[in-house]
Amino acid sequence: MSQPSSTPVSTTPAPYDFHTVEPRWQAAWDEAGIFTVPDVPPAGQPKYYVLEMFPYPSGQLHMGHVRNYALGDVIARYKRARGYCVLHPMGWDAFGLPAENAARERGVHPREWTLANIAAMRTTLQRLGFSLNWDREIATCLPDYYGKQQQLFLDFLGAGLVERRESWVNWDPVDQTVLANEQVVDGKGWRSGAPIEKKQLSQWFFKITAFADDLLGGLDSLERWPERVRTMQERWIGRSEGAKVIFNLHQPPAGLDTDLNAVEVFTTRPDTLFGMSFLAIAPDHPLAAWVAARNPQAAEFVAECRRLGTSVEAVETAEKRGFDTGLRVNHPFLDQSFPIWIANFVLMDYGTGALFGCPSGDQRDLDFAHKYTLPVVPVVLPPGKAEADFAITTSAFTGDGSMINSGFLDGLSTQDARREAIARLEAMGVGQGVVNWRLRDWGISRQRYWGCPIPIIHCTECGPQPVPADQLPVELPEDVTFDKPGNPLDHHPSWKHTTCPCCGKPATRETDTFDTFVDSSWYFARFTAPHAATPTVHDAADGWLAVDQYIGGIEHAILHLLYARFFTRAMRKTGNLDVSEPFAGLFTQGMVSHESYKDSAGNWLYPEEVEHTAQGVIKRGTTEPVTVGRVEKMSKSKRNTVAPVAIIERFGADTARWFVLSDSPPERDMEWTESGVAGAARFAQRLFRAVCAIAETTPATAAAPTQDNPASPQADTLRRTTHRTIAAVTEALEGFAINVAVARLHELTSALIDAEKQADTAGMDFARRECARALCLLCAPMMPHLAEEIFSRLNPADGLAAQQPWPQAEADLLAATSVTIAVQIMGKLRGTVEAEPDEEAATVLARAESEPNVARLLEGKRIVKRVHVPNRIVNFVTAG
RNA sequence: GCGAACUUGGCGGAAUGGUAGACGCAGGAGACUUAAAAUCUCCAGCCCAUAGGGCGUGCGGGUUCGAGUCCCGCAGUUCGCACCA
């Protein structure tokens with residue numbers, strides 16, 4: 001980027017050289033230590049905790065990160081200027097499968113791969129000049145962090161929040177590992193392509209359901225969360241009121257286990273019990289297993305259901321199918337029995353894995369009844385219908401009404417019948433009113449190496465035992481191999497062999513590691529005391545938490561945020577901290593998108609491989625035409641990515657930051673364009689020139705206007721523009737409307753440049769300096785390096801821009817000296833008139849009425865009403 | 001199927017119920033230059049056109065002196081959840 005020096009142009013000042021300027025100010029901030037904060041927020045200063053979701057160290061920062069962290073940095077720098085003590089830390093969500101895949105594919109150890117990626121990404125973040133407190137950096141893959149996580153696990157275990165139980169998992173028989181639902185594609189493992197089996201495994205669970213009520217109730221207090229995220233969590237938790245009903249088997253077959261003598265059912269509609277025509281159980285229900293063990297056809301049906309199990313399409317398209325077990329249950333209220341079917345639409349993990357079918361009141365039950373010609377008994381009469389001409393044909397009636405064909409419930413409203421039925425069930429001892437939750441406990445066992453070891457020792461005599469606290473952390477062994485499928489920890493020759501802490505006999509370590517969502521469930525708390533010997537320190541955690549502003553992608557709206565809310569409660573219960581909600585404010589930013597390109601052979605092309613010319617888009621260096629595809633989220637597979645490092649090299653960090661903040665509101669997706677970033681770079685140069693010109697041509701000692709020495713109208717106008725912009729930018733930043741703040745700063749820059757061209761008038765030097773200073777400080781959250789550079793040139797003795805207080809708008813300069821009033825006739829704009837601020841209605845109306853065009857159009861009309869909105873508008877309502 | 005959000009120029013978008021289209025991108029004209037780049041100035045919703053007028057914020061209604069904004073209905077797009085008993 002060096003300029004040729006052979007042809008000096010005297011009138012053109014040296015352009016802003018970000019290459020030398022940016023590192024200089026980064027060093028200055030570093031030296032001043034202004035982003036470092038104490039573990040306990042200082043008394044007498046308000047605290048503010050800004051946190052962006054920490055990245056997975058994939059190796060390269062992408063534009064989505066830049067946008068996320070630029071947004072957070074604007075908030076952090078702004079709040080700092082407003083006098084807050086700001087905690088703004090950064091770390092790495094460093095465990096996960098990609099590291100193991102790299103190990104398998106390239107033979108790099110996951111640890112080396114991860115640490116190298118962290119180093120590279122840290123460098124990029126630092127080049128972007130984010131105001132981060134780097135002393136607090138943490139990486140979840142280091143024993144210092146995950147050892148404390150093991151401690152938390154043991155705390156939770158002691159508090160009864162951890163359980164070990166059998167659960168169904170997606171098992172990849174080739175890779176010998178458990179897969180998450182989203183890793184199963186069309187019933188096959190995403191990596192091995194092998195058909196996935198459903199298998200029961202012993203797994204560790206966090207009892208998140210223990211907090212279901214509190215997690216739901218707590219949502220109300222999260223006023224600074226997007227409504228839709230709260231709604232998503234609410235539905236995920238899924239509270240529903242109903243009843244559990246026990247159906248005893250009618251003539252139970254010989255040899256049936258006694259605990260299978262009755263089937264427990266959950267229903268939200270106990271009022272419709274008289275409409276029952278069958279009972280359906282999940283294919284995984286214990287009774288189904290008992291039947292399958294004795295009936296090959298049943299076994300075949302169950303196996304088939306299991307095969308179709310998880311895939312989303314399978315669920316969508318699968319027709320309702322069932323298998324009649326031949327067993328029957330007695331109805332609690334009627335002297336009748338009904339058949340038990342195994343049905344493919346009954347889920348084992350919702351409710352009790354069994355339901356009673358009331359075809360007249362549930363569409364799915366009706367479809368099922370039609371398919372297998374089961375009876376349909378209407379029990380709810382819709383309001384306004386007569387029983388005689390009401391029949392259920394193709395659609396069930398799910399609404400409220402009055403009860404019919406329902407014995408002692410007849411005539412009651414749906415609501416009353418529900419209460420009455422529950423009361424009767426409870427009196428008979430065959431059921432009770434219950435609240436059911438959709439939320440399930442969180443299975444945290446993963447058969448993988450690159451994760452936090454679960455600190456448990458299995459002893460054949462004593463059962464699973466917690467690793468004693470003084471033996472923590474349980475560290476991952478370094479010497480592992482990835483040459484065979486399955487969990488390397490399990491294959492390790494010696495690692496798992498140890499002794500039982502209880503009886504001292506040989507025992508084996510748990511070889512499963514934690515789900516990586518565990519790692520990110522408490523990092524925000526660890527940041528408050530990242531080097532402490534305990535997971536958290538009360539004064540630090542309670543002092544800094546909750547996070548005042550959390551920023552990240554909407555993709556974490558449910559799982560991550562729910563898990564973090566669970567952890568916070570669990571940590572409170574175990575005495576690790578004393579807050580209930582981790583994130584007081586949440587902002588979900590949009591994605592960064594880009595055009596996609598294909599060459600004539602249909603291969604995706606990177607943006608730097610194509611060239612936009614007047615004749616169209618071509619492949620760079622050729623004449624080959626390029627097809628421009630949709631604008632979509634940047635992704636490696638579409639090759640529509642732009643690397644932040646390349647942009648920083650070409651345009652500088654400030655330009656990259658400014659552009660990602662400029663055009664689109666932060667919550668929406670933004671499109672990265674070459675011309676857009678070039679425009680941002682242009683603005684940076686323009687601002688630099690404008691402020692440098694002020695610094696060089698106006699004396700720093702320029703006096704403020706006084707009563708005796710008033711400013712000229714031009715200077716006064718500039719001052720008013722400055723102060724109104726201060727107010728507007730402040731308001732915009734408070735409301736996350738960063739794009740609007742950027743627009744106002746463009747305007748103020750133009751105003752400053754325009755003022756330069758005007759003849760010098762009284763007070764103009766002061767007005768210019770005041771404007772330039774404000775401009776520096778208002779731009780600083782977005783373009784911190786450039787702001788420092790121009791601030792230092794303008795005010796060499798004032799220290800760092802990053803340490804200046806936020807500019808204050810002077811109240812008496814917020815109003816303009818005159819206002820333009822729109823004049824309407826019957827709501828249509830017919831002209832404008834000038835008025836003094838807050839001028840009397842009478843004089844404004846008179847002037848408006850005599851405005852030539854208005855007067856012309858009012859001629860011959862009778863004004864029936866004159867509307868005057870001060871400083872804004874006048875409207876004449878006419879008749880005739 | 002259920003729920004939510006969104007719909008404004010060529011594009012991204014702005015607008016406490018009060019001059020719709022700020023600001024930016026792309027575009028046009030001009031200045032400077034031997035030329036280009038850079039920079040600067042001006043133009044720019046559509047239609048008729050002379051001041052000026054008509055029509056314009058997905059579509060149809062409503063409330064109001066006045067609606068992009070509030071209310072009702074419809075359409076489209078996007079997202080989330082989805083056999084939840």
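None of the values given here were measured: they were computed from a predicted structure. Here is the naming used below: chain letters follow the sequence lines, and residue numbers restart at 1 for every chain.
A:Arg830 comes within 4.0 angstrom of sugar-phosphate atoms only, judged by non-hydrogen atoms across all strands, and of no base. At a threshold of 4.0 angstrom between heavy atoms, the contacts of A:Gly679 are confined to the sugar-phosphate backbone, with no base atom among them. Contacts of A:Val869 with the nucleic acid, taken as non-hydrogen atoms under 4.0 Å apart, include base atoms. Looking at heavy-atom distances under 4.0 Å, A:Thr673 makes no contact with the nucleic acid at all. Nucleic acid contact for A:Val346: base, since at least one base atom lies under 4.0 Å from a heavy atom of the residue. Among the protein residues, A:Ile281 comes within range of no part of the nucleic acid, since none of its heavy atoms lies under 4.0 Å from any strand. Contacts of A:Asn853 with the nucleic acid, taken as non-hydrogen atoms under 4.0 Å apart, involve only primed sugar atoms and P, OP1 or OP2. A:Glu671 comes within 4.0 angstrom of no nucleic acid atom, judged by non-hydrogen atoms across all strands.
Rounded to a whole angstrom, the distance from the P atom of B:A37 to that of B:A26 is 13 Å. Rounded to whole Å, the P atom of B:C6 lies 12 Å from the corresponding atom of B:A14. B:A44 and B:G28 are spaced 8 Å apart, taking the C1' atom of each and rounding to whole Å. Nucleotides B:U16 and B:U7 place their P atoms 14 Å apart, quoted to the nearest Å.
One atom, CD1 of A:Ile873, and another, P of B:U64, lie 18 Å apart when rounded to the nearest Å. For the pair A:Lys320 NZ and B:C84 P, the interatomic distance rounds to 8 Å; values are reported in whole Å.
Using a 3.5 Å distance cut-off with no hydrogens or angles, the side chains of A:Thr398 and A:Arg269 do not pair a donor with an acceptor. Side-chain contact, A:Asp838 with A:Asn871: a donor N or O sits under 3.5 Å from an acceptor N or O. For the residue pair A:Thr209 / A:Asp441, a side-chain donor-acceptor distance below 3.5 Å is found, with atom types taken as modelled.
Where A:Phe345 and A:Val823 each meet RNA chain B at their nearest nucleotide, the meeting point lying more 5' is that of A:Val823.
A sub-4.0 Å separation between OP1 or OP2 of B:A5 and a side-chain N or O of A:Arg668 is absent. Distances shorter than 4.0 Å separate none of the side-chain N or O atoms of A:Arg438 from OP1 or OP2 on B:C83.
In summary, A:Arg239 and A:Glu241 engage in a salt bridge, as defined by a charged side-chain N under 4.0 Å from a carboxylate O. Contact check on A:Arg847 versus A:Glu834 returns no salt bridge, with no Lys/Arg side-chain nitrogen under 4.0 Å from an Asp/Glu carboxylate oxygen.
Classification of B:G56 as anti follows from a glycosidic angle more than 90° from 0.
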